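Notes for the one structure printed next.
Only a predicted model underlies this, so the values are computations on that prediction, with no experimental measurement involved. Residues: numbered from 1 along the sequence shown.
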Amino acid sequence: MYVFNCMSFFVLLNGLARLTFTNRRVRQSEEELRLLDHSLKSLVAAEAKYSQKEDKYEEEIKVLTDKLKEAETRAEFAERSVAKLEKTIDDLEEKLAHAKEENLNMHQMLDQTLLELNNM
């Protein structure tokens with residue numbers, strides 16, 4: 001009976017050791033779970049924060065894209081206006097050159113007429 005009691009004692013000791021080890025593992029797992037839960041909450045909060053930032057940046061990109069389109073439209077209009085003004089300048093320079101030539105011819109004709117009048 002003593003052998004049986006010793007065996008039972010060792011079985012109980014072994015069971016107690018396993019129970020202690022298992023309890024330690026359970027506490028470690030619970031601590032890991034608590035840390036993971038905390039990390040998850042932090043990640044969820046960060047996700048919400050960054051989601052708001054992303055929405056803000058998307059809106060800013062839309063506004064900047066619209067401004068870029070407006071600026072491109074104004075630039076195209078300005079380029080067309082410049083082309084028209086350059087054409088107007090070319091036309092006016094041509095008229096000025098023609099008027100100068102006519103003026104020079106007129107002066108020559110007046111000089112010739114004065115010379116003829118003086119010689120009479």
Checklist entry - Glu116 and Gln112: side-chain donor and acceptor closer than 3.5 Å? => result yes

Next on the checklist: Does this structure show an ion pair linking Lys67 with Glu70, if we count only N-O contacts that are shorter than 4.0 Å?
Outcome noted: no

Checklist entry - In Å, rounded to the nearest 0.5 Å, how long is the span from CG of Leu110 to CG of Leu117? => result 10.5 Å

Next on the checklist: Show, in sequence, the C-alpha distance, side-chain angles and deciding distance for Glu93 and Asp90, and conclude whether the side chain to side chain contact (heavy atoms under 4.5 Å, CB included) test is met.
Outcome noted: CA-CA 5 Å; Glu93 285 176 342; Asp90 290 344; 4.0 Å; yes

Checklist entry - Can you check side chain to side chain contact (heavy atoms under 4.5 Å, CB included) on Gln108 and Asn105, steps first, answer last? => result CA-CA 5 Å; Gln108 287 175 352; Asn105 289 337; 3.9 Å; yes

Checklist entry - Any side-chain heavy atom of Arg24 within less than 4.5 Å of one from Gln28? => result yes

Next on the checklist: Can you tell whether the side chains of Asp91 and Lys95 come within less than 4.0 Å, N to carboxylate O?
Outcome noted: no

Checklist entry - When rounded to the nearest 0.5 angstrom, what distance separates OG1 in Thr22 from CZ in Arg27? => result 10.5 Å

Item to check | Arg18 side chain reached by Phe21 side chain, heavy atoms, under 4.5 Å | outcome: no

Next on the checklist: Under a 3.5 Å threshold, yes or no: a donor from one side chain and an acceptor from the other, between Glu102 and His98?
Outcome noted: yes

Checklist entry - How many angstroms lie between atom CG of Leu92 and atom NZ of Lys87, to the nearest 0.5 angstrom? => result 10.0 Å

Next on the checklist: Pair Tyr57, Glu60 - check side chain to side chain contact (heavy atoms under 4.5 Å, CB included), show working.
Outcome noted: CA-CA 5 Å; Tyr57 291 143; Glu60 191 173 333; 4.1 Å; yes

Item to check | Under 3.5 Å donor-acceptor, Asn119 side chain and Leu115 backbone | outcome: yes

Item to check | Heavy atoms of other groups near Glu31 CD, more than 12 under 6.0 Å | outcome: yes

Checklist entry - Got a second to check how far Asn14's CG is from Leu19's CG, nearest 0.5 Å? => result 11.5 Å

Item to check | Interatomic spacing from NZ in Lys56 to CD1 in Ile61 - rounded to 0.5 Å | outcome: 12.0 Å

Next on the checklist: Quick check for you: to the nearest 0.5 Å, what is the distance between Glu47 atom CD and Leu40 atom CG?
Outcome noted: 11.0 Å

Checklist entry - Are Glu54 and Glu58 close enough, and set up right, to give a side chain to side chain contact (heavy atoms under 4.5 Å, CB included), and what steps lead you there? => result CA-CA 6 Å; Glu54 181 182 11; Glu58 286 174 353; 3.5 Å; yes

